[in-house]
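A short worksheet on the structure shown next.
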Amino acid sequence: MYRTHTCGELRAANIGQSVVLCGWAQKVRKLGGMTFLDIRDRWGITQLVADEKSEQKVQSDVEKIGREFVIQCEGRVVERSNKNSKIPTGEVEVAIDRVVVLNSSEIPPFTIEDDTDGGDELRMKYRYLDIRRNPVKNALLLRHRVAQEVRKYLDKKSFIEVETPFLIKSTPEGARDFVVPSRMNQGEFYALPQSPQTFKQLLMVAGMDRYFQIVKCFRDEDLRADRQPEFTQIDCEMSFVERDDILLTFEGLMMHLFKEVKGIEFTKPFQRMSYSDAMTLYGSDKPDIRFGMEIRQIDSLAKGKGFPVFDSAEYVGGICVPGCASYSRKQIDELTLFVQKPQIGAKGLVYVKLEQDGTIKSSVDKFYSPEDLKAWASHMGASTGDLLLIMAGPQKRTLEGLGQLRLEMGNRLNLREANTYAPLWVVDFPLLEWDEESKRFFAMHHPFTSPILSDAHLFDSDAGAIRANAYDLVINGVEIGGGSIRIFDRTLQQKMFAALGFTQEEAEHQFGFLLNAFRYGAPPHGGIAFGFDRLCAVFGGSDSIRDYIAFPKNNSGRDVMINSPSDISQVQLNELGISLKDKK
RNA sequence: GGUUCGGUAGUUCAGUUGGUUAGAAUAUCGCCCUGUCACGGCGAGGGUCGCGGGUUCGAGUCCCGUCCGGACCGCCA
């Protein structure tokens, strides 16, 4: 045994014991006659001390220890004369009897401290050092805790964990596939799964009834702070269920996680909102409902008064920002620039200030009387001291722009507190999405999503209006999970494929295995998948999922620690029957 | 594919209209220091200013190109 205790364990109750600790040297503080040495491991940090009473060898050994040396120390637990209330082991220290350097260390490229001096790139390159730091270490511990609680809850609810293959078949719908060449079948390729979607449905046909898996998924698309090429889902599917059975089961999972991991109890069921309400009120299919500031349409009040911008717009609407009537010209200009960014692309921003003295000032005073503007204010629920921000233009874009402006104002007014959690089910998504470029419908969720059956008659008349029996879980404006009731009827599935522009042959070629399975008695089923990395980040109060992944990739999909992707040898290429195009 | 911000000491950054020997903090090393815990004091070493080209008497600074990194748009069923 290298050690008797961990570095986070010793308390006043241990005083007088002889102990052996192992860990990394965090910091050596020499004070002339005495030396303090902090030793650290996953569990915590303990102060070691050598002074005049220590043997000469101990004193000189301690002085040779540098940062991040791996050391073993034998000593006696003593009470500190100066206690440190900031750390759990702060009442005691270990008087060193013997210290051994198990391994020395080069000087690390950044400091191993909570507030490190290292930038992101460097930390990624030396991720194994970064993980020694508390913030990253704690993120991984949190992730472990969440995973364990997921398994505990789902196991209790009779779900079983089944592994599905990673080397599968490329499909045309959805994200770009990562592709793996086959040596034994030259010229052919596996694809890595974007999710185990079809396999979990096959498991339902196979009678497993309730399946889950905490599983890696792969999508070859450009990255963001909350998107990695490989990420983890909590993937679930249930048989003989309707939508509400699923919502309640997984609302239960979320409540369990919030309680066990965060100590937060939800007493009421999660709010539910239709996709169309989410878009009209929040300009987003993943609204942050921690704060109000809902969008209001004012077409009927704003049009026909001679202001050409509004008169010609498909949609006029705005948000009421509480208490911001005092915003300066400069602040309003900033907001105008914000909505004019190419990412939002608005033409401009109209403001109406409801001043404290009861007067109303706006950027469109020329066109609207104070009475007109008062009508806007009362329609938008504004009161004295509030600021109305109005945008106009094409309906969808303007709503989305207002949605982004709303989030920006929420940030500016600190209305998006990290420790407040507002979960929300968004339901009744459109089944199909029209793509202008290819002039065809795409499945908004995936091709196996069931329409709401009362809408199914619209397949031939107005397919774009069909609502899907699909749902997303949104927490604090982050899409945490989504799923649907699946089609289990062959005729309906064929209508769906037809709407997506698949011929019978194409459908057979791509999804024949699933359609075949459906010939042999598919139960009604549905499921959901949660973004595990995002869920952990939300629990940790962070916008970036990277700290919750032990070894993440950077913006360009590179692992800067192992330097991948990388070349492979000509021998490997030959074996695979692959020749490379010349780079230009 | 696009927009935008950045790249200067091991690290995080500053560096004025283009002008002497490129600075600070921190880390590192040395000396001093008996209760530190962001220890303190004194001192030292440490630079391909991402790379290439251009403008100029003179470029860290201006221009062009390129590489790398961050955020975002497109994309992500």
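Chain naming here is simple, since letters A, B, ... match the order of the sequence lines and numbering starts at 1 in each.
Nucleotides A22(B) and U8(B) place their C1' atoms 8 Å apart, quoted to the nearest Å. For the P atom pair drawn from G15(B) and G23(B), the interatomic distance equals 15 Å after rounding to whole Å. Across C67(B) and G50(B), the matching C1' atoms stand 8 Å from one another, rounded to whole Å. Distance check on atom P: A14(B) versus A25(B) gives 16 Å, rounded to whole Å. Separation of the C1' atoms belonging to C5(B) and C13(B) is 16 Å when rounded to the nearest angstrom. The gap from the C1' atom of C63(B) to that of A9(B) amounts to 28 Å, rounded to the nearest Å.
For the pair Lys30(A) and C32(B), the criterion of a side-chain N or O lying under 4.0 Å from OP1 or OP2 is not met. Taking 4.0 angstrom as the limit, Ser556(A) places a side-chain polar atom (N or O) nearer than this to OP1 or OP2 of G69(B). The phosphate of A71(B) has OP1 or OP2 within less than 4.0 Å of a side-chain N or O from Asn555(A). Listed pair Arg546(A) / G70(B) meets the phosphate criterion, a side-chain N or O lying under 4.0 Å from OP1 or OP2. Between G69(B) and Lys125(A), no contact under 4.0 Å exists linking OP1 or OP2 to a side-chain N or O.
Ser195(A) comes within 4.0 angstrom of a base, heavy atoms only. Within the nucleic acid shown, Asp115(A) has no heavy atom closer than 4.0 Å to any nucleic acid atom. At a threshold of 4.0 angstrom between heavy atoms, the contacts of Lys53(A) with the nucleic acid are absent. Residue Leu31(A) is in base contact, counting any heavy-atom pair closer than 4.0 Å across all strands shown. At a threshold of 4.0 angstrom between heavy atoms, the contacts of Glu121(A) are confined to the sugar-phosphate backbone, with no base atom among them.
Phe502(A) pairs in a ring-ring contact (aromatic ring centres under 6.0 Å, His included) with only one of the listed residues (Phe497(A), Phe441(A), Phe442(A)), which is Phe497(A).
Applying the Watson-Crick and G-U wobble criteria (two distances, each under 3.5 Å), C51(B) pairs with G65(B). In this structure, A25(B) and U11(B) make a Watson-Crick or G-U wobble pair, each of the two defining distances being under 3.5 angstrom.
A donor-acceptor pair under 3.5 Å links the side-chain atoms of Thr398(A) to the main chain of Gly393(A), judged by distance alone. Side chain of Lys83(A) to backbone of Arg80(A): a donor-acceptor contact under 3.5 angstrom is found.
A donor-acceptor contact under 3.5 angstrom links the side-chain atoms of Asp117(A) to the base of G10(B). If you check distances only, the side chain of Arg80(A) does reach the base of U36(B) with a donor-acceptor pair under 3.5 Å. In the interface, the side chain of Asp222(A) is paired with the base of G74(B) through a donor and an acceptor atom under 3.5 Å apart. Residue Arg29(A) places no side-chain atom within donor-acceptor reach of the base of C39(B), judged by atom type and a 3.5 Å distance cut-off alone.
A salt bridge links Arg29(A) with Asp38(A): the closest approach of a Lys/Arg side-chain nitrogen to an acidic carboxylate oxygen falls below 4.0 angstrom.
As rounded to whole Å, 11 Å separates atom C1' of C39(B) from atom CG of Asp38(A).
The aromatic rings of Phe511(A) and Phe513(A) are tilted relative to each other, their planes meeting at an angle between 30° and 60°.
Nearest-nucleotide positions on RNA chain B place Ser544(A) closer to the 5' end than the other of Glu433(A) and Ser544(A). Heavy-atom nearest nucleotides on RNA chain B were determined for Val49(A) and for Glu221(A), and the one closer to the 5' end corresponds to Val49(A).
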